[in-house]
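Below is one structure, written out as C-alpha cells, with a few remarks after it.
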Amino acid sequence: MELSKTYNPAQAEAKWYQYWLEKKYFHSTPDHREPYTVVIPPPNVTGVLHMGHMLNNTIQDVLVRKARMEGKNACWIPGTDHASIATEAKVVNKLREQGIKKSDLTRDEFMKHALEWKEKHGGIILEQLKKLGASCDWDRTHFTLDEEYSQSVLQVFVDLFNKGKIYRGARMVNWDPSALTAVSDEEVIHKEVNSKLFHVRYKVEGTEDSWIIIATTRPETIFGDTAVCVNPNDERYAHLKGKRIIVPLVNRSVPVIFDEYVDPEFGTGCLKVTPANDINDYELGLKHNLEVIDMLNPDGTLNEHGLHYQGKDRFEVRKEMEKELHDKGYLVKTEDHINKVGFSERTNAVIEPRLSLQWFLRMKELSAPALENVMNGKIQFHPDKMKNTYRHWMENVKDWCISRQLWWGHRIPAFYYGEGQNDFVVALSLEEAAKLATEKLGRNINPFELRQDEDALDTWFSSWLWPISVFNCLTQPENEEIKYYYPTNDLVTAPEIMFFWVARMIIAGYEYMGDLPFKNVYFTGIVRDKLGRKMSKSLGNSPDPIKLIEQYGADGVRVGVLISSPAGNDLPFDTSQCEQGRNFANKIWNAFRLVKSWEVQAIGQPEYASKSIAWFDAKMQSTIMEINDLFEKFRISDALMTTYKLVWDDYCSWYLELIKPEYGQPIDQATFDKTIYFFEQLLSLLHPFMPFLTEELWHELQTRAEGDDIIVAPFPKAQGFDPEILKSFEKAEKVITQIRTIRKEKNIANKVKLELMIKAGAQIDSSMDAVLKKICNLSKLDYVNDKIGNAYSFVQDGSEYFIPFTDDIDVEAEIKKMEEELNYTKGFLMSVQKKLSNEKFVGSAPEAVVAAERKKEQDALDKIKILEEKIASLK
RNA sequence: GGGCUCUUAGCUCAGCUGGUUCAGAGCACCUGCCUUACAAGCAGGGGGUCACUGGUUCGAAUCCAGUAGGGCCCACCA
C-alpha cells in the first residue's frame with residue numbers, strides 16, 4: 001500500500017484513544033507498583049476548553065504518560081468543579097431568558113433547574129480533553145457536588161466548627177451586587193478607573209454661613225454619612241472641636257471626629273464617614289462609636305435612606321446627585337481623579353463593601369504547617385521563586401469568608417432554633433441538629449422547629465479537599481485507596497489560583513491527612529496572544545482548541561503549546577507553533593516511510609554503517625541522560641526541545657542520511673535492525689509528548705504481540721556510552737560542513753563525486769573516514785605528506801584538507817578568502833598572547849585555564865603557518 | 001505605597017557555585033536546491049557592547065551597588 005506523503009492525524013487519534021480505553025490503560029487500581037498520582041485542577045463543570053486548559057493538561061499528560069512508561073502505577077484523576085458563582089450566574093441568566101426569576105423559585109426548584117443545566121452542559125470539557133489525548137482514569141471522574149464529595153465537605157465544616165476554627169460574625173465583606181453574594185478578597189480585582197473627585201460643602205451646625213468642604217468620589221453615600229473626620233493635627237480644622245455638621249440633602253446632624261487616619265494632604269483634608277459602605281469608615285465607626293446607616297439594597301440600588309433616590313442604582317444616583325448638589329449650591333467643584341475600584345472576578349460588577357453576617361474560617365494557626373513545609377522544600381514549587389509570593393500571602397493570611405449567598409453549592413449545615421445571632425447548632429443532619437439543640441437548650445427541640453442556614457459554602461471550600469476527597473478519605477477513613485495514592489505526586493496549575501486553591505489544599509492536607517497533598521507544584525504561565533494580551537473569551541482572541549486539533553493534529557498542538565513554555569513563564573501563543581508541531585510529526589512520519597521502503601538482504605555491513613551506529617548509539621544515550629535530567633527539574637519545554645533535536649537533527653539529518661543505501665540498493669540486516677531499534681527508542685522518548693503518532697508508528701514498525709503497546713513500553717534509560725565517539729563525530733561534522741560549503745560555493749552538484757586528500761596534523765582522527773566518504777560522496781579519501789596544488793582546501797583541527805579542482809577556479813578569490821582567515825587568526829592570536837603575557841593572569845588563574853590558553857596559542861600559530869604556506873603556493 | 005521578580009539575536013528563551021559548552025537553541029530571516037523519506041523539506045549563511053552606570057577581580061552575561069524600564073503579588077488613602 002502506498003503511504004501518504006504526510007501524516008494524517010485524525011484517523012490515528014480516534015483509533016488509538018479508543019484502543020487505550022478498551023485496554024484500560026488509563027485505569028488504575030492499587031497494586032504492588034509505586035503509585036504516581038495527579039489530580040486534575042477541576043475545570044468548571046459547564047466550562048469549555050480554552051488554551052489555558054490545553055497547556056495545563058498537556059503538561060499533566062506528559063508527566064502521567066512518562067510515569068506510566070516508567071512502570072509506575074499512574075493515576076490521573078479527572079473531574080469538575082461546581083463553580084458556584086459562575087454556574088449560578090449562568091443558570092440565572094438562562095432562566096431569565098425563559099422569563100423565570102430566581103426569586104420566584106424555591107431553593108429546590110432552582111436546584112432542579114441548575115442540575116438540568118449541568119446535565120446538559122456538564123462534562124463537555126472532559127470530552128474535549130479526550131481529544132487532546134489526556135490519559136485520565138475516567139472511571140474515577142469526580143464532581144465537587146456529588147453526594148459523597150458533598151458529605152466530606154460538610155463533615156469538614158462541622159469538624160472545623162467544633163474545633164472553634166469557624167465562626168459566624170458581622171463583618172465588612174466584598175459584596176457583589178450582581179450575584180447578590182459576598183465574595184472573598186481574592187475574588188476582587190482592583191482596577192484603576194477614571195473618576196471624579198467631588199468637592200461638596202457641608203454646613204457647620206449652628207452657624208449662618210460657615211462651611212467645610214469635603215472631597216469624595218462617591219457623593220451618593222452622603223445618605224450614609226454619620227460623621228465628618230479630620231486629622232487632629234490639622235490646624236485648619238481645629239475650630240471644629242465639639243462642633244456638629246449638617247449633611248447636605250438629608251440635613252442630618254453628625255459629629256466631627258478627629259483621627260490620624262485622615263491624610264491632611266489628600267483632597268481637602270476632610271473626610272466624610274459612611275461606616276456602612278466603606279471598610280475604613282467602618283473601622284473608624286467602630287473606634288468612634290458611630291451610628292451605621294446602610295443606604296444600599298443588596299442589589300446596589302438605594303434603599304429608604306436614599307430618600308427620593310430610593311430604588312435607583314448607585315451609579316445613576318451619582319450622576320443625578322451631581323446635578324442636584326450643583327443646583328442647590330453644595331457642589332464647590334469637581335476634578336478628575338484616578339482611583340482604584342474593586343470589580344467582581346466573576347460578574348465584573350463593582351464590588352460594594354457591605355456589612356453582613358457571614359461565616360469565617362480562622363486561618364492563622366491552620367496555615368502554619370502549610371507555610372513551613374513549602375519554605376523548607378518538602379513541597380517544591382516550580383519555578384522555585386513562586387515560594388516568595390506564597391510566603392508573603394501566608395504570612396499575612398486573613399480569615400477566610402466561606403459563606404456565599406447562593407443556592408448552587410453546599411448548603412451550610414447550621415440550624416437555627418431562634419432569631420438571635422447565636423441561636424444555632426452545627427450538625428450533619430437535621431436529626432443530629434435537633435439532638436444538639438435539645439442538649440444545648442435543655443429542652444426538647446424537634447427537627448421541624450429548626451431552620452437551616454440559607455447560605456452555601458464558597459466553592460474553594462470544597463475544592464481545597466480535592467486531593468483527599470477524590471479518594472473518599474473523609475467519608476471512608478483509612479481506605480485502601482487513600483493509603484496507596486496519597487500524597488499525590490505533582491500538581492500542575494496556574495499561578496492565579498495559588499491562594500484560592502493551592503495554598504488551601506496544602507492547609508487541608510496537613511489538617512486532615514497530617515501530610516502534604518502533593519510533592520511538586522508546577523506553575524504554568526498565562527497563555528497570551530501575539531500582542532501580549534491574556535487570551536480570554538471576552539477579548540475573543542483565543543483560538544478554539546478543538547479546531548486547532550482538527551487542523552494540526554493533537555500531537556502537533558501539544559508540541560505547539562509546550563515548545564516555548566518554561567514553568568512559570570507566560571506562553572505567548574501563536575498558531576505557527578502548532579505548525580511547527582505538525583511539521584515535526586510529519587518529519588517523523590517520513591522517516592518511517594524511508595525506513596519502511598528498504599529491502600533487507602543478507603549482505604555485509606559497510607564500515608560507514610557500523611561507525612554511524614556506534615556514534616548514534618552514544619549520542620542517543622547521552623541525550624537520554626539529558627532528557628531525564630530535564631524532566632527531573634520539571635523543564636518540560638527543554639526536554640521536548642532536546643528530544644526534538646535528537647530526532648530531527650541527529651537521527652533524521654545525520655544518522656539516516658549516513659546509513660541510507662543508495663537508491664534501489666538493499667540494506668544489510670544488522671544495520672536495519674539497529675535502525676529500527678533506534679526508531680523505537682525515539683518513539684518511546686516522544687510518546688509522552690506525541691502519544692498518537694508514536695502509538696501508530698510503534699505498530700507500523702512491527703507486528704506486535706498482545707499488550708506490546710508504546711503507552712506501556714519502557715521509557716528509555718541511559719546506558720553507558722563512549723564520549724570519544726561523540727568527539728570524533730563532531731570533528732567529522734565540521735569537515736563535512738566544510739566540504740558541503742565548498743560544493744555549494746563552487747556549484748558542484750551533490751551527485752558529482754569528489755576526491756579528498758588529507759595532510760594530517762598532530763591531532764588527526766581518522767575513525768570517521770568511512771562516514772566522511774559516504775556522506776560527502778567521495779570517490780577517494782587519501783592521506784598525503786605534501787600539499788596538493790590545484791585544489792580547494794581548508795584547515796580543520798590542525799589538518800589540511802584538499803579537494804582537487806574538477807575544473808578551473810578563481811585563484812584570486814581563493815587567495816582572498818585565505819587572507820581573510822589569516823587576518824582573523826592573527827588577531828585571535830594577539831588576544832591570546834596578550835592574556836598570556838599578563839603575569840597576574842598566569843600567576844593567579846588555575847593551571848588548567850592557563851594550559852588551555854597555551855593550547856589556543858599553539859593552535860593559532862600552527863594555523864597561521866599553514867595558511868601562509870598555502871597562500872604562497874597559490875601565488 | 002510594600003514585597004517579589006525580570007531585562008541576553010527580529011520573537012520566545014538556555015546559559016548551575018565568575019575562566020573551551022561563553023556568547024548559545026528553536027522559530028523567523030537571507031541564499032541555493034522540486035536530489036525518488038519529507039518543499040509541512042534539504043544544504044549553507046547573516047545576526048547580540050548580554051538594559052544602563054559604576055564597583056570587586058588578573059578576568060564579569062555571570063558577583064555587588066545604583067539608574068531606567070517591564071511583570072507579578074499584596075495594600076484601606078476618601
Side-chain angles (χ1 to χ4, degrees), chain A residues 3 5-7 172 185-186 190 197-198 214-218 221 229 261-263 265-274 278-284 337 339-340 353 383 385-393 395-396 495-496 498-499 526 530 532 552 556 563-566 568-574 576-577 579-598 633 635 637-638 640-642 644-645 648 652-653 656-657 660 663-664 737 740-745 747 749-751 835 838-846 848-850 852-853 855-856:
Chain A
L3 283 170
K5 276 181 120 177
T6 51
Y7 168 59
M172 203 58 136
D185 290 344
E186 287 73 31
H190 293 273
L197 197 54
F198 299 88
I214 283 163
T216 177
T217 54
R218 305 199 55 188
T221 61
C229 187
Y261 163 73
V262 176
D263 175 4
E265 301 296 316
F266 187 88
T268 58
C270 194
L271 174 74
K272 66 195 242 355
V273 184
T274 56
D278 185 284
I279 178 73
N280 306 303
D281 292 13
Y282 177 68
E283 301 294 334
L284 279 174
H337 178 67
N339 65 340
K340 289 215 169 170
K385 62 185 179 189
M386 291 291 183
K387 280 205 301 204
N388 295 324
T389 310
Y390 178 83
R391 181 181 59 205
H392 189 255
W393 189 78
E395 282 174 350
N396 298 289
E496 296 110 279
M498 183 194 283
F499 308 127
I526 294 166
K530 264 195 221 169
Y552 299 102
I563 199 81
S564 66
S565 178
N569 275 40
D570 286 357
L571 166 63
F573 182 78
D574 189 77
S576 67
Q577 287 157 234
E579 232 171 273
Q580 192 184 351
R582 178 201 59 185
N583 294 355
F584 184 41
N586 201 45
K587 182 73 188 175
I588 300 163
W589 175 255
N590 275 294
F592 160 69
R593 282 214 304 146
L594 174 67
V595 171
K596 177 102 176 168
S597 72
W598 289 335
K633 293 174 179 152
R635 294 177 63 155
S637 294
D638 290 338
L640 170 59
M641 183 51 75
T642 307
Y644 177 95
K645 286 197 280 189
W648 198 313
C652 294
S653 297
L656 288 180
E657 288 300 329
K660 182 159 86 175
Y663 182 65
T737 301
R740 281 175 174 167
T741 308
I742 287 174
R743 271 192 191 270
K744 176 167 161 134
E745 280 177 358
N747 245 325
N750 287 327
K751 6 181 168 173
K835 209 171 186 179
N838 180 342
E839 282 172 30
K840 282 182 179 169
F841 170 73
V842 180
S844 21
V849 175
V850 178
E853 290 299 318
K855 184 170 180 306
K856 275 191 208 168

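Every chain is numbered from 1 and lettered A, B, ... according to where its sequence line falls, protein lines coming before strand lines.
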- Taking atom C1' in both B:C38 and B:C16, what distance in whole Å separates the two? 39 Å

- P atom, B:U8 versus B:U53: distance in rounded Å? 16 Å

- Item | Integer angstrom distance from the C1' of B:U12 to that of B:G18 | 27 Å

- Under 4.0 angstrom, heavy atoms only, what part of the nucleic acid is A:Arg391 near: base, sugar-phosphate, or nothing? nothing

- Message: On the nucleotide B:C27, are OP1 or OP2 found under 4.0 Å from the side-chain N or O atoms that A:Tyr644 carries?
- Response: yes

- Quick note, A:Pro572 side chain, CB onward, closest among B:U31, B:A37, B:U12 is B:U12

- Query: What distance, rounded to whole Å, do you find between the two P atoms, one in B:C73 and one in B:C63?
  - Reply: 26 Å

- Protein-nucleotide distance (A:Arg218, atom CZ; B:C76, atom C1'), rounded to Å: 14 Å

- What is the ring orientation for A:Phe499 with A:Trp393, classed by angle as parallel under 30°, tilted 30 to 60°, or perpendicular over 60°? parallel

- Message: Between B:A25 and B:G15, how far apart are the two P atoms, rounded to whole Å?
- Response: 15 Å

- Message: Base, sugar-phosphate or nothing for A:Lys660? Non-hydrogen atoms, less than 4.0 Å.
- Response: base

- Interatomic spacing from CD in A:Glu283 to CG in A:Asp278 - rounded to 0.5 Å: 10.0 Å

- At what distance, to the nearest 0.5 angstrom, does OH of A:Tyr644 lie from OG of A:Ser637? 13.5 Å

- Message: Nearest to the A:Thr737 side chain among B:A78, B:G44, B:G3, which nucleotide is it?
- Response: B:G44

- Using a 90° cut-off around 0 for syn, call B:U20 syn or anti. syn

- Message: Using OP1 and OP2 only, check whether a side-chain N or O of A:Asn590 sits under 4.0 Å from B:G41.
- Response: no

- Nearest heavy atoms of A:Pro572 and A:Gln577, plus distance in Å: O-OE1, 3.0 Å

- Message: Suppose we call a contact any N or O donor and acceptor under 3.5 Å apart; does that hold for the side chain of A:Glu657 and the base of B:A37?
- Response: yes

- Calculate the interatomic distance between A:Asp278 atom CG and B:C77 atom C1'; express it in whole Å. 10 Å

- Distance, nearest 0.5 Å, that separates CH2 of A:Trp589 from CZ of A:Arg582: 15.5 Å

- Query: Of all the choices, B:A37, B:A43, B:C76, which nucleotide is nearest to the side chain of A:Tyr261 once you look at every atom?
  - Reply: B:C76

- Atom pair distance, as rounded to whole Å: OH in A:Tyr282 and C1' in B:C77: 20 Å

- Query: If each of A:Gln580 and A:Thr6 is mapped to the nucleotide of RNA chain B with the nearest heavy atom, which maps nearer the 5' terminus, i.e. the 5' end?
  - Reply: A:Gln580

- A:Met386 CE to B:C72 C1': how many Å, rounded? 8 Å

- Task: Send over the distance from A:Gln577 CD to B:C11 P, rounded to a whole Å.
- Result: 15 Å

- Item | side-chain hydrogen bond (donor to acceptor under 3.5 Å, both in side chains) between A:Asp281 and A:Thr274, worked out | CA-CA 6 Å; A:Asp281 292 13; A:Thr274 56; 3.3 Å; yes

- Item | Residue A:Asn586, side-chain heavy atoms: nucleotide from B:A37, B:C73, B:A40 that is nearest | B:A40

- Give a yes or no on whether a donor-acceptor pair under 3.5 Å exists between the nucleobase atoms of B:A40, that is its base, and the side chain of A:Arg582. yes

- Message: Quick check on B:C42: is either OP1 or OP2 less than 4.0 Å from any side-chain nitrogen or oxygen of A:Arg743?
- Response: no

- How would you label the glycosidic angle of B:U17: syn (within 90° of 0) or anti? anti

- Query: Expressed in whole Å, how much space separates the P atoms belonging to B:A65 and B:A28?
  - Reply: 41 Å

- Query: Can A:Phe584 and A:Ile563 be said to form a side chain to side chain contact (heavy atoms under 4.5 Å, CB included), step by step?
  - Reply: CA-CA 11 Å; A:Phe584 184 41; A:Ile563 199 81; over 6 Å; no

- Message: Nearest heavy atom decides the nucleotide; on that basis, is A:Phe499 or A:Leu594 closer to the 5' end of RNA chain B?
- Response: A:Leu594

- Have a look at A:Ser576 and say if it touches a base, only the backbone sugar-phosphate, or nothing, with a 4.0 Å heavy-atom cut-off. nothing

- Task: Tell me the partner of B:U56, counting only Watson-Crick (N1-N3 plus N6-O4 or O6-N4) or G-U wobble (N1-O2 and O6-N3) with both under 3.5 Å; none if nothing fits.
- Result: none

- Message: Using atom C1' in both nucleotides, what's the gap between B:C27 and B:G47 to the nearest angstrom?
- Response: 14 Å

- Does A:Lys5 put a side-chain nitrogen or oxygen below 4.0 Å from OP1 or OP2 of B:C38? yes

- Taking atom C1' in both B:G45 and B:A9, what distance in whole Å separates the two? 15 Å

- Between A:Asn583 and B:G41, is there a side-chain N or O to OP1/OP2 distance below 4.0 Å? yes

- Message: Below the 4.0 Å mark, does B:C42 have OP1 or OP2 next to a side-chain nitrogen or oxygen of A:Trp648?
- Response: yes

- Note on the structure: As its Watson-Crick or G-U partner within any shown strand, both distances under 3.5 Å, B:G41 has B:C33

- Counting only distance, no hydrogens or angles, is the base of B:C38 paired donor-acceptor with the side chain of A:Lys587 under 3.5 Å? yes

- Item | A:Met498 CE to B:U5 P, straight-line distance once rounded to whole Å | 13 Å

- Query: A:Ser637 near the nucleic acid: base, sugar-phosphate alone, or nothing, with a heavy-atom cut-off under 4.0 Å?
  - Reply: nothing

- Query: According to a strict under-4.0 Å criterion, is A:Thr389 in side-chain N/O contact with OP1 or OP2 of B:C74?
  - Reply: no

- Pick base, sugar-phosphate or nothing for A:Thr741, based on heavy-atom distances below 4.0 Å to the nucleic acid. sugar-phosphate

- Which part of the nucleic acid does A:Phe592 contact within heavy-atom distance under 4.0 Å: base, sugar-phosphate only, or nothing? nothing

- Item | Watson-Crick/G-U partner (both atom distances under 3.5 Å) of B:A68 | B:U7

- Query: Between B:C76 atom P and A:Asp281 atom CG, what is the distance in whole Å?
  - Reply: 13 Å

- Query: When all nucleic acid strands are considered with a 4.0 Å heavy-atom cut-off, which category describes A:Cys652: base, sugar-phosphate, or nothing?
  - Reply: base

- Task: Grab the CG-P distance between A:Asn280 and B:C76 for me, whole Å please.
- Result: 8 Å

- Task: Measure the OG1-NZ distance between A:Thr216 and A:Lys272 for me, rounded to the nearest 0.5 Å.
- Result: 4.5 Å

- Quick one: label A:Val262 by what it contacts on the DNA or RNA (base, sugar-phosphate, nothing), any heavy atom closer than 4.0 Å. base

- Query: Can any side-chain N or O of A:Ser653 pair as donor or acceptor with the backbone N or O of A:Trp648 at less than 3.5 Å?
  - Reply: yes

